[in-house]
Amino acid sequence: MPLARSFRAIHRMFNIVKPSGALSITCRGKSISREELFNHDNGRFLVNEAEACNRRYLRFDIDQLFAVAATAGESASPIKAIDKSEGGFSKALIMRKEDGSEVVAKIPFSIAGPPKYTTASEVAVLKFISTRTRVPVPKVLAWSSDASNPVGVEYIVMEKATGQQLYTNWDTMNREEQSLLVQHLTQLEAELVSIQFPANGSLYLRESMTDGESWVALDPNVDPSGQFCIGPSCEREWSAQGKMMAQPYKVNKGPWPNLSSFGLALVEREKLRIQQQSPVATFGPPRGSVDEQFAVLNMAKEVVSRLDTVTLINRVSRPVLWHPDLHMGNIFSKPEDPTKICSLIDWQSIVVSPLYLQARFPEFLSVEFDYVLGMREMPKLPQDYEDMDPDEKRLAELKLEQAKLSKWYEANTAKQNLRTHHAFLVPQFTRELFIQCGKVSEDGAVPLRDRLVKFANTWSELGFLDECPFSFSQEDTRKHDQQFQEYLKFHRIQELARNILCTDSDGWICPLLDFEKLQQMNTELLQVVMSRSSEYNMTPEEIWNIWPFREKG
């Protein structure tokens with residue numbers, strides 16, 4: 001009897017997952033083949049396109065994925081239609097069943113982060129948030145972080161987010177509605193920040209951890225069921241997939257008990273990468289010698305090892321969970337009440353990290369370079385407003401309205417969670433110490449040294465009790481200032497190219513834009529900038545060498 005029942009169950013399952021009619025497969029409204037599901041079709045790349053697309057190519061067993069998705073959720077029904085959507089680090093397949101319900105299958109690219117950790121952590125974050133908070137996130141229906149499964153890749157099948165993406169209705173919302181949505185967001189962020197985590201790293205289900213992997217259990221008051229833990233970071237920078245790292249096992253990937261241990265691990269990671277780099281000159285920014293790179297990393301080590309003793313920073317360095325990429329596409333609001341957020345999506349590679357390194361304004365709020373933090377100074381029109389022409393006045397008025405909304409976000413953050421607002425007020429260069437420390441192998445010694453100079457100049461004001469363990473002579477400072485200007489010139493050219501060509505550092509072009517036109521513009525822009533190289537205090541050859549969207553031989 002058990003065997004007979006098993007055969008009947010298999011027969012029923014086959015009938016459930018087998019579609020009754022032709023399967024519709026689309027991408028951005030156009031029909032595509034089953035084979036095209038594997039390709040990366042979300043835009044083009046101005047440089048290294050073949051490599052960029054190959055790194056985002058995913059082959060998997062489509063029928064096995066259909067079988068998982070068909071039986072996931074409250075209803076079991078064959079998949080009728082698929083719409084492919086892609087980001088920079090994952091593929092999403094929106095699947096509609098014959099009964100009308102929809103689910104989303106999310107598959108990470110190999111460049112998204114370390115295998116297993118990327119998927120296992122996202123699943124844990126979604127499960128933790130949905131069961132331990134009121135923050136609305138999609139429900140996980142099925143998942144696997146083991147690519148040896150029948151589908152052949154890691155995957156998550158989840159509910160499709162309800163509501164409408166914020167960019168579809170933001171411009172039709174009045175100022176009061178926009179303000180109420182921002183206020184709701186600060187309430188959700190405050191709830192996340194209030195959760196006590198025991199260490200920095202990534203959140204996992206304990207069942208995902210295997211022998212030999214380090215992890216720390218959550219407090220029973222936070223996790224009564226004992227399901228979750230903090231384990232190694234799932235960020236791609238800590239994996240061999242992220243940057244060249246031939247011996248990743250030598251790196252402490254977490255969990256880290258405090259801010260200093262996290263910073264020390266960053267230093268050692270970058271030292272290992274520098275040791276493994278090719279001595280051949282790159283086309284990047286002025287890097288400094290290997291000795292200079294090690295010297296600034298050793299200085300950074302002296303700083304981060306002392307940070308846990310500095311009250312100003314230590315009081316806002318508690319490990320927290322935070323969504324760092326809240327652009328309008330990741331926020332869904334209720335159609336019947338656009339002031340209420342009904343889903344926050346894209347929790348891939350989200351980590352538990354020190355508050356003052358995590359806290360930031362959401363992407364959809366404009367924070368200009370001249371924005372003043374704090375409640376003492378409110379946004380206002382520029383002093384020369386009356387002398388502006390009508391177009392300039394309209395632009396100034398628009399920026400003022402955006403700044404007021406950002407100030408409203410800041411004020412509500414202070415009201416909901418004062419510690420988060422205190423984190424905003426910590427000097428920016430102290431955060432950038434960690435950012436630049438983690439990029440020495442890529443950007444060289446100059447930007448990190450610049451932050452170290454600032455630390456040396458404000459050592460006692462920051463609250464360090466001992467003397468600064470390093471100093472910079474006038475000659476050191478003069479030499480650094482010269483190198484830093486070279487570094488700024490390099491990034492000025494990079495930013496110029498990205499802004500005019502509507503792209504990012506990878507040269508990605510949105511599929512809605514005319515790629516051939518931008519490709520031609522790239523060639524012409526390079527020639528124009530080379531012809532005006534003196535305006536950038538550079539030679540035409542220097543412009544040519546550092547242009548970001550030129551195939552390097």
Peer 1: Less than 3.5 Å apart, which donor and acceptor atoms pair up between the side chains of residues 389-396 and the rest of the protein, not counting sequence neighbours?
Peer 2:
{"residue": "Asp389", "atom": "OD1", "partner": "Asp391", "partner atom": "N", "Å": "3.1"}
{"residue": "Asp389", "atom": "OD1", "partner": "Glu392", "partner atom": "N", "Å": "2.7"}
{"residue": "Glu392", "atom": "OE1", "partner": "Asp389", "partner atom": "N", "Å": "3.1"}

Peer 1: Going by heavy atoms in the side chains, are Pro362 and Leu185 under 4.5 Å from each other?
Peer 2: yes
Peer 1: Compute whether any side-chain donor of one residue and acceptor of the other, for Tyr385 and Glu397, lie under 3.5 angstrom apart.
Peer 2: yes
Peer 1: Can a cation-pi geometry be assigned to Arg44 and Trp508, taking NZ or CZ under 6.0 Å from the six-membered ring centre and within 45° of the ring axis?
Peer 2: no
Peer 1: If you define the side chain from C-beta out and look only at heavy atoms, does anything of Arg236 sit under 4.5 Å from Phe89?
Peer 2: yes
Peer 1: Salt bridge between Arg498 and Asp504, side-chain N to carboxylate O under 4.0 Å?
Peer 2: no
Peer 1: Return yes if some donor-acceptor pair links the side-chain N/O of Lys84 with the main-chain N/O of Ile94 below 3.5 Å, else return no.
Peer 2: no
Peer 1: Return the CG to CD1 distance between Leu37 and Ile107, rounded to the nearest 0.5 Å.
Peer 2: 8.5 Å
Peer 1: Search all heavy atoms of His323 against all heavy atoms of Ile345 and return the closest pair with its distance.
Peer 2: NE2-O, 2.9 Å
Peer 1: Test side chain to side chain contact (heavy atoms under 4.5 Å, CB included) on Leu23 and Lys80; report intermediate values, then the result.
Peer 2: CA-CA 5 Å; Leu23 180 69; Lys80 178 181 179 180; 5.6 Å; no
Peer 1: Closer than 3.5 angstrom, by distance alone: can the side chain of Arg287 be matched with the main-chain N or O of Ser441 as a donor-acceptor pair?
Peer 2: yes
Peer 1: Could I get the full list of ring-ring contact (aromatic ring centres under 6.0 Å, His included) partners for His480, not counting sequence neighbours?
Peer 2: Phe484
Peer 1: Got a second to check how far Leu525's CG is from Phe549's CZ, nearest 0.5 Å?
Peer 2: 10.0 Å
Peer 1: Could you check if a side-chain atom of Leu272 sits within less than 4.5 angstrom of a side-chain atom of Gln275, using non-hydrogen atoms only?
Peer 2: yes
Peer 1: About how many Å separate CG of Asp61 and CZ of Phe66, when rounded to the nearest 0.5 Å?
Peer 2: 9.5 Å
Peer 1: Is the side chain of Arg269 donor-acceptor paired with the backbone N or O of Gly438 at a distance under 3.5 Å, no angle test?
Peer 2: yes
Peer 1: Would you call Glu292 and Lys479 a salt bridge, using N to O less than 4.0 angstrom?
Peer 2: yes
Peer 1: Determine whether a donor-acceptor pair (N or O, by modelled atom type, separation under 3.5 Å) exists between the side chain of Thr119 and the backbone of Pro115.
Peer 2: no
Peer 1: Rounded to the nearest 0.5 Å, how far does CG of Asp41 lie from CZ of Arg56?
Peer 2: 12.5 Å
Peer 1: With the side chain counted from C-beta on, respond yes when Tyr487 and Asp450 share a heavy-atom pair under 4.5 Å apart, and no when they do not.
Peer 2: no
Peer 1: Apply the test side chain to side chain contact (heavy atoms under 4.5 Å, CB included) to residues Glu36 and Cys27: give CA-CA distance (whole Å), side-chain angles for both, the deciding distance (0.1 Å), then the verdict.
Peer 2: CA-CA 9 Å; Glu36 288 175 299; Cys27 178; over 6 Å; no
Peer 1: State whether the side chain of Asn54 and the backbone N or O of Ala50 hold a donor-acceptor pair below 3.5 Å, judged by distance alone.
Peer 2: yes
Peer 1: With ring centroids as reference points, do Phe364 and Trp170 lie under 6.0 angstrom apart?
Peer 2: yes
Peer 1: Quick one: closest heavy-atom pair of Gly263 and Phe434, and the distance?
Peer 2: CA-CE2, 3.7 Å
Peer 1: So, do Met158 and Trp143 sit near enough that their side-chain heavy atoms are less than 4.5 Å apart?
Peer 2: no
Peer 1: Between Thr26 and Ser24, is there a side-chain heavy-atom distance shorter than 4.5 Å?
Peer 2: yes
Peer 1: Within the 3.5 Å criterion, strictly below it, is a donor on Asp337 or Thr339 matched to an acceptor on the partner's side chain?
Peer 2: yes
Peer 1: Work out which heavy atom in Ile546 is nearest to a heavy atom in Gln494; give both atom names and the distance.
Peer 2: O-NE2, 2.7 Å
Peer 1: Could you walk me through whether Asn412 and Val182 pass the side chain to side chain contact (heavy atoms under 4.5 Å, CB included) test, one step at a time?
Peer 2: CA-CA 8 Å; Asn412 275 274; Val182 167; 5.6 Å; no
Peer 1: Does the pair Glu154 and Ser145 meet the rule for a side-chain hydrogen bond (donor to acceptor under 3.5 Å, both in side chains), with working shown?
Peer 2: CA-CA 5 Å; Glu154 300 173 44; Ser145 61; 5.8 Å; no
Peer 1: Indicate whether the side chain of Gln483 and that of Arg449 have a donor and an acceptor atom separated by less than 3.5 Å.
Peer 2: yes
Peer 1: Checking Asn42 now: which residues fulfil side-chain hydrogen bond (donor to acceptor under 3.5 Å, both in side chains) with it, not counting sequence neighbours?
Peer 2: none
Peer 1: If you apply the rule side chain to side chain contact (heavy atoms under 4.5 Å, CB included), what do you find for Glu159 with Val103, and how did you get there?
Peer 2: CA-CA 5 Å; Glu159 290 179 334; Val103 297; over 6 Å; no
Peer 1: Answer yes or no: is there a donor N or O on one side and an acceptor on the other, between the side chain of Asn330 and the main chain of Asp325, under 3.5 Å?
Peer 2: yes
Peer 1: Taking only Lys NZ, Arg NE, NH1 and NH2, and the carboxylate oxygens of Asp or Glu, determine whether Glu535 and Arg532 approach each other closer than 4.0 Å.
Peer 2: yes
Peer 1: Give a yes-or-no answer on whether the side chains of Gln520 and Glu516 include a donor-acceptor pair shorter than 3.5 Å.
Peer 2: no
Peer 1: Give the minimum heavy-atom separation between Leu58 and Pro108, together with the two atoms involved.
Peer 2: CD1-O, 3.7 Å
Peer 1: Between Tyr57 and Arg59, is any side-chain donor less than 3.5 angstrom from a side-chain acceptor?
Peer 2: yes
Peer 1: Can a donor-acceptor pair be found, under 3.5 Å and without considering hydrogens, that links the side chain of Gln165 to the backbone of Gly329?
Peer 2: yes
Peer 1: Nearest 0.5 angstrom please: Glu432 CD to Leu357 CG, how far?
Peer 2: 11.5 Å
Peer 1: Working to the nearest 0.5 Å, report the span between CG of Asn522 and CG of Leu46.
Peer 2: 5.5 Å
Peer 1: Determine yes or no for a side-chain-to-main-chain donor-acceptor pair under 3.5 angstrom, with Gln276 supplying the side chain and Arg273 the backbone.
Peer 2: no
Peer 1: Mind listing the closest non-hydrogen atom pair of Cys437 and Leu266 along with its distance?
Peer 2: SG-CB, 4.2 Å
Peer 1: Hey, are the side chains of Val351 and Glu235 touching, using non-hydrogen atoms and a 4.5 Å cut-off?
Peer 2: yes
Peer 1: Please collect all side chain to side chain donor-acceptor pair (under 3.5 Å) contacts where either partner lies in residues 343-365, sequence neighbours excluded, each pair once.
Peer 2: Lys106-Asp346
Peer 1: With distance as the sole test, does Trp408 use its side chain to make a donor-acceptor pair with the main-chain N or O of Ser179 at under 3.5 Å?
Peer 2: yes
Peer 1: Can you list the residues that meet the ring-ring contact (aromatic ring centres under 6.0 Å, His included) rule with Phe361, with sequence neighbours excluded?
Peer 2: Tyr371, Tyr409, Phe424
Peer 1: Could you pull out the closest heavy-atom pair between Tyr117 and Cys234, with the gap in Å?
Peer 2: O-CB, 3.7 Å
Peer 1: Between Glu189 and Thr413 (side chain of the first, backbone of the second, donor and acceptor by atom type, cut-off under 3.5 Å), is there such a pair?
Peer 2: no
Peer 1: If we count only N and O atoms by modelled type, under 3.5 Å, do the side chains of Gln178 and Arg175 hold a donor and an acceptor together?
Peer 2: yes
Peer 1: With sequence neighbours excluded, what pairs up with Thr168 under the side-chain hydrogen bond (donor to acceptor under 3.5 Å, both in side chains) test?
Peer 2: none
Peer 1: Tell me, do Cys53 and Phe45 make a side-chain contact under 4.5 Å, heavy atoms counted?
Peer 2: yes
Peer 1: Going through the distances and angles, do Glu410 and Lys407 end up as a salt bridge (charged side-chain N to carboxylate O under 4.0 Å, His left out)?
Peer 2: CA-CA 5 Å; Glu410 186 186 348; Lys407 187 60 67 174; 3.1 Å; yes
